[in-house]
Amino acid sequence: MSDIVEKDTAELEILRHSTSHIMAHAVKDLFPEVKFAIGPAIEDGFYYDFDRPAAFAPEDLAKIEKRMKEIIKKNNPFVRKEISKAEAIEIFGQKGENYKVELLQEIPDDTVSLYEEGGFVDLCRGPHLPKTGMVKAFKLLSVAGAYWRGDEKNKMLRRIYGTAFETKEELDAYLNFLEEVKKRDHRKLGKELDLFSLSEDIGPGLILWHPNGAIIRKTIEDFWRNEHIKADYKILFTPHIAKLHLWQQSGHWDFYRENMYSPMEIEEVAYELKPMNCPFHIDIYKSSLKSYRDLPLRYAELGTVYRYERSGVLHGLLRVRGFTQDDAHIFCMEDQIEDEILNILDFTLFILRTFGFESYDIYLSTRPEKYVGSLDNWEKATDALKHALDKKGLAYRVDPGEGVFYGPKIDIKIKDSLNRSWQCSTIQVDFNLPERFDVTYRGSDGKEHRPIMIHRALMGSLERFFGVLIEHYAGAFPLWLSPVQVSVLTIAERHGDYALEIGTALKISDIRTEINTDNEKIGYKIREAAVRKIPYLVIIGDKEVSEKMITVRKRNGENIGPFTAEQFMDIIKDEINGKK
RNA sequence: GCCCAUGUAGCUCAGUCGGCAGAGCACAUCCUUGGUAAGGAUGAGGUCACCGGUUCGAUUCCGGUCAUGGGCUCCA
């Protein structure tokens, strides 16, 4: 099975790579002055980087596509030619293709391969399709700037993105997927459902949670705190600023300064807006002597942190400058690491599943080149992480050398309903901060020992998690999270009293209820509620009033009932409590 | 931060080749009391992102700034 998938993936890559060459050919025909950089296949398609004084206009894409179709129609063969590297440098040098020359100079082999098709030659390892006519379905998608080799010190090139598939149907399916992604965009839904906003007057990357978003956040926070208390975490609250000195001691001022805001001076002392919660939790730990009997000690906080992010990377709720981490720091002894990781994994999966995320990509990152702590500790901690993952039977990938300098980590990416991955949860072992802050506990031997610290965030940041939730549910939140759970709609004005009676009964039972007695037709009120994705609509007309019953319309259009108010309340309370 | 694009009413968007700005939805008032996705009428609402320049005159042209979007790089 996996063989088949890999074979398909390889074929698709070849197809896309060849399409990328055809695009380069078309660009060469239409814009002879361009120089060529690189044009690989990527996950969802391909791109090619060109050096050209002016950017490509969106209209240019149509022209390039047209030319590409002509090239495809000619059905020229892709011809592989092997020549010596020196010869290739000569050829591309003469053409002024300095990017190709630079690439060539870094190829260790003595011979290199060229591919030619219809007179257009490009340096390429291959493989390629036999003939251009085998490209059946492609589309150019967007233009963008991209640095040569991704380095901002280098020249900005003009990139064109496109995609290609084996069949027209697959291409259409992919284009539909892109449409669906657009429809679910949390920035669009956030506006439509009045969940949150950003404001020019407040500042970029700073989120305003509107009532509808705020009630969802409160629901998430209540759930989170209750579950943490049950799981033997201690809930903390800590300030948003602290003396610069604290950040110097923690090492953040040295290693993390580029993400921190400038200090502010208060009574001649420098203070910093916090980018992390850890030093505060350590301070609380150190406020009294700790015994090995106190460990593991778990401190948790929904801590709001501020980090400088370059203006170009900000993105809705997913990349912001101020955010709230669902943070926790666990102080434990070395031989407790594995059990703690097991606990955290269980807890994480429980929380994520509650929000409807059932599949994950898990990564274990190991020791990087620059690190602190002893090799022995690194090995023990990395093994503990591995054992925990193995014991839970969780599939994971090892990212060698991708750990943070202070310890190994596990990252969990959740997959949403469109099968897209989002980095949220992270579990990191830390050998550094306990050392820097001289954190200790008294062991059974009466001596001082150094605890290990584990940082972990399950949702990561509430802002990002909320953004992912919006897209995952396409704005149609499950009942327990819905800002308005029930809307009571009257057919005519004379039904107002009974609607008020029913609505009030729901409200005092802690069901978020709205009573809509507006002077509008029922069809209009239902449309209005449907647009807002309200899960349950209670319809009140003459029949309901005279029978002392209610009729209910679900979000999917299905009608249920008639119920008594009590029957209906039982049904939805069950659904709310079950977080279904 | 860099490249490109965009910024007009609360929202979605027209428009002015330089001469006091327009639609739909939403909002307000009135008519209508209507049974499952938009009933009708009237009205109010804009320093055309901001600052500067050119011009008799700038929302429109030019320059700058800010913000947003697509990327590059980085991350929760």
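So you know, we letter chains A, B, ... as the sequences are listed, proteins then strands, and number each from 1. Worth knowing before you read on, the calculation uses all heavy atoms, side chains too, and leaves out hydrogens, waters and symmetry mates. For clarity, every value in this text was computed on a predicted model and none was experimentally measured.
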Open item on the list: Would you measure the distance from the P atom in rA67(B) across to the matching atom in rA26(B) and give it in whole Å?
Closed with: 34 Å
- [ ] Can you spot which of E471(A), R184(A), E180(A) makes a side chain to side chain contact (heavy atoms under 4.5 Å, CB included) with S417(A)?
- [x] R184(A)
TODO: Indicate whether OP1 or OP2 belonging to rA76(B) is found under 4.0 Å from a side-chain N or O atom of Y306(A).
DONE: no
- [ ] Indicate whether any N or O donor in one side chain lies under 3.5 Å from an N or O acceptor in the other, for K533(A) and S482(A).
- [x] no
Open item on the list: Using atom P in both nucleotides, what's the gap between rC4(B) and rC62(B) to the nearest angstrom?
Closed with: 15 Å
Task: Test log, rule side chain to side chain contact (heavy atoms under 4.5 Å, CB included), inputs V488(A) and L506(A) - done: CA-CA 10 Å; V488(A) 181; L506(A) 290 165; 4.3 Å; yes
- [ ] Using Watson-Crick or G-U wobble geometry with both distances below 3.5 Å, tell me the partner of rG24(B), or none.
- [x] rC11(B)
TODO: Report yes or no: is there a donor-acceptor pair, N or O only, under 3.5 Å between the side chain of E544(A) and the base of rG35(B)?
DONE: yes
Task: Y299(A) ring center near Y233(A) ring center (under 6.0 Å) - done: no
Task: Distance, rounded to the nearest Å, where E520(A) contributes CD and rA37(B) contributes C1' - done: 13 Å
TODO: Measure from OH on Y47(A) to P on rC72(B) and round the result to the nearest Å.
DONE: 8 Å
- [ ] Could you check how far CD1 of I491(A) sits from P of rA37(B), rounded to whole Å?
- [x] 12 Å
TODO: Between rU12(B), rA76(B), rG35(B), spot the one nearest the side chain of V320(A), thanks.
DONE: rA76(B)
Open item on the list: Please report the distance, rounded to the nearest Å, between CE in M156(A) and C1' in rC3(B).
Closed with: 4 Å
Task: Nearest-angstrom distance from the residue atom CG of D185(A) to C1' of rU68(B) - done: 12 Å
Open item on the list: Can you tell me whether the side chain of R52(A) and the base of rC3(B) have a donor-acceptor pair closer than 3.5 Å?
Closed with: no
Task: Interatomic distance where CG belongs to L198(A) and C1' belongs to rG69(B) [whole Å] - done: 13 Å
- [ ] For rU16(B) and rC75(B), measure between their C1' atoms and round to the nearest Å.
- [x] 45 Å
